[in-house]
Amino acid sequence: MKVKNICCIGAGYVGGPTMAIIAQKSPEITVTVVDINAKRIAAWNDPDVEQIPIYEPGLSEVVAEARGRNLFFSTDVDAAIDAADMIFISVNTPTKTYGMGKGMAADLKYIELCARQIARVATTDKIVVEKSTLPVRTAEALKNILDNTGNGVNFQILSNPEFLAEGTAVSDLHKPDRVLIGGDLDTEAGREAIQALVGVYAHWVTEDNILTTNVWSSELSKLTANAFLAQRVSSINALSELCEVTGADIQEVSKAIGMDSRIGPKFLQASVGFGGSCFQKDILNLVYIAKSFGLHEVADYWEQVIIMNDHQKRRFAAKLVKTLYNTVSGKRIAMLGWAFKKDTNDTRESASIYVADYLLNEQATVVVYDPKVTQEQILADLDYLGTRSETENRALIKVVNSAEAACEQAHAVALMTEWDAFKTLDWNSIYAQMLKPAFLFDGRRLLDRKLLEEIGFDFYAIGS
Ligand SMILES: NC(=O)C1=CN([C@@H]2O[C@H](COP(=O)(O)OP(=O)(O)OC[C@H]3O[C@@H](n4cnc5c(N)ncnc54)[C@H](O)[C@@H]3O)[C@@H](O)[C@H]2O)C=CC1
Ligand SMILES: O=C(O)[C@H]1O[C@H](OP(=O)(O)OP(=O)(O)OC[C@H]2O[C@@H](n3ccc(=O)[nH]c3=O)[C@H](O)[C@@H]2O)[C@H](O)[C@@H](O)[C@@H]1O
């Protein structure tokens, strides 16, 4: 079967970019991305393509090429479901904040709502693709809902987890290390559905890079991949603390171990802690699944990755306070970067949020600059923590339009996100504008210690 009409439910960081690339590479397929968030859909449809709601290098060009040709964004979910032969579910699956599994399990309410809506609306056979990251065996629940509440049409469920990283979404989608498709390999209809999705990716991905497995392996591989990646970051961050007390240098250690081809050089960058919407949520989800099967040692093993990450964020903030003579009360601290990594406007679970919260608890005045994050978002992130009232947050935190403005009259600078532009700031003039001694805390190992110390900064970098 050749797919002609795709619907994707969820126009977020995954649904938007993935569907834009499918549409770009498959002009004969009509792709409609739907969302209940009307503001988000309006932004995807903004005549000025630079105003699309997600900042990703190269994405606006892809959208400009395909939008209105075979790529559409809409709030009419029912119509898109009805017209499609293949439906991707790409809605959010956050950590539960209530009830059983609170703080650990994935909240599947949005997934279930999608399934019920598809079942209610569908009048022809559909292939339903799990694009969201889901606990292993979710496809079973989806199938149950679809088969029991549907109109008697046939549903095939596939798992097709997404491995793109934010900031590099377009290049990751153009050249994926692999595309993973899990399906029912035991039935003819299952194999046909798998082949239909293989046919979509085959527009630009070689078949050697398209891996097909059973559904459960596919669902579990996604959680496993994120757990392994996050584990590398926590491993290197754990060693960064040991470097600081021994005279070893984490950058040198990373290089030395990364040259071992069995270890490899990627994901060994020590940092102020990993952020992003997925690592923490997906590991907690894995821990919860292990616990629910009574596998407590397995659960504890993976939970340590999160414990280490929380420690890394806290110890960075604590180091800053300790260095500033054990008090930052009333002091002005400049935070450069709020996004959880460079080249994205996403701030979910960013280390900056937790470091700022710690400093605000110590009564610092925090002044933030990020090239792609709005003041509204920064305040919303802090309010969401619920540590203090919205009024107090607004009194203690300031958001400014340049790095220079953030650093003016500051006691210390905390470099939080590795934006390229921070490398080439005029650190001489920033130094001149700061109070002395001028402290600089590099949470990303972005800056040249020698250069900054020559200027006069008291310089601290993670891991040395
Ligand atoms: N952000 C990332 O880099 C990656 C995320 N993932 C996974 O992809 C999934 C989606 O993540 P994001 O795109 O980051 O989330 P997101 O929060 O940016 O987007 C999800 C969208 O789904 C919409 N939505 C929720 N329920 C809906 C419904 N019933 N009908 C229509 N729209 C609905 C929301 O309004 C929202 O716009 C998650 O499971 C995540 O774990 C996987 C790989 C990478
Ligand atoms: O499931 C997901 O959401 C995605 O999660 C991650 O992608 P993402 O979170 O967008 O970004 P990463 O590049 O993985 O960075 C995550 C965090 O780890 C930090 N990090 C990464 C690498 C490193 O060496 N050191 C380090 O501190 C980053 O700064 C960032 O805060 C994975 O890399 C993707 O493959 C996956 O699809």
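Both ligands and their constituent atoms are indexed starting at 1 by order of listing. These values consider heavy atoms only, across backbone and side chains, with no hydrogens, waters or symmetry-generated copies. Index from 1, following the sequence.
- Sorted by first and then second residue, the side-chain hydrogen bond (donor to acceptor under 3.5 Å, both in side chains) pairs with a member in residues 413-424 read Lys342-Asp420, Asp370-Trp419; sequence neighbours excluded.
- Each of Asp46, Asn45, Leu59 was compared with Ile52 under the side chain to side chain contact (heavy atoms under 4.5 Å, CB included) criterion, and only Leu59 meets it.
- In this structure, Arg67 forms no cation-pi arrangement with Phe73, as its terminal cationic atom is not both closer than 6.0 Å to the ring centre and no more than 45° off the ring axis.
- When heavy-atom distances to ligand 2 are checked against 4.0 Å, the residues falling inside are Glu162, Phe163, Leu164, Ala165, Glu166, Lys222, Asn226, Leu229, Val233, Phe267, Leu268, Gln269, Ser271, Phe274, Gly275, Cys278, Phe279, Phe340, Lys341, Arg444, ordered by chain and number.
- Of the charged side-chain nitrogens involved, none lies within less than 4.0 Å of a carboxylate oxygen, so that Lys222 and Glu130 do not count as a salt-bridged pair.
- Across Ile263, Asn237, Val305, a single residue satisfies side chain to side chain contact (heavy atoms under 4.5 Å, CB included) together with Arg232, and that is Ile263.
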Distances only, to 0.1 Å: what are the N or O pairs between ligand 1 and the protein that fall under 3.5 Å?
| residue | atom | partner | partner atom | Å |
| --- | --- | --- | --- | --- |
| ligand 1 | 1 (N) | Glu166 | OE2 | 2.7 |
| ligand 1 | 3 (O) | Glu166 | OE2 | 3.1 |
| ligand 1 | 13 (O) | Tyr13 | N | 3.0 |
| ligand 1 | 13 (O) | Val14 | N | 2.9 |
| ligand 1 | 14 (O) | Arg348 | NH1 | 3.4 |
| ligand 1 | 14 (O) | Arg348 | NH2 | 2.8 |
| ligand 1 | 18 (O) | Tyr13 | N | 3.2 |
| ligand 1 | 18 (O) | Arg40 | NH1 | 3.3 |
| ligand 1 | 18 (O) | Arg40 | NH2 | 3.3 |
| ligand 1 | 19 (O) | Arg40 | NH1 | 3.4 |
| ligand 1 | 32 (N) | Ile36 | N | 3.4 |
| ligand 1 | 35 (O) | Asp35 | OD1 | 2.6 |
| ligand 1 | 37 (O) | Asp35 | OD1 | 3.3 |
| ligand 1 | 37 (O) | Asp35 | OD2 | 2.6 |
| ligand 1 | 37 (O) | Arg40 | NH1 | 2.8 |
| ligand 1 | 39 (O) | Thr93 | OG1 | 2.6 |
| ligand 1 | 39 (O) | Thr133 | N | 3.0 |
| ligand 1 | 41 (O) | Thr133 | OG1 | 3.4 |
| ligand 1 | 41 (O) | Lys281 | NZ | 2.6 |

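- Ser218 contributes no side-chain N or O that, together with a main-chain N or O of Thr213, makes up a donor-acceptor pair within less than 3.5 Å.
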Counting only pairs under 3.5 Å, give me each side-chain donor-acceptor contact of residues 270-286, with atom names and distances, residues two or more places apart or in other chains.
| residue | atom | partner | partner atom | Å |
| --- | --- | --- | --- | --- |
| Ser271 | OG | Gly273 | N | 3.1 |
| Lys281 | NZ | Thr93 | OG1 | 3.2 |
| Asp282 | OD2 | Asn226 | ND2 | 2.7 |

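- With respect to Arg445 and Asp249, a salt bridge is recorded, a charged nitrogen being found less than 4.0 Å from a carboxylate O.
- Using a 4.5 Å heavy-atom cutoff, the side chains of Tyr110 and Ile9 are not in contact.
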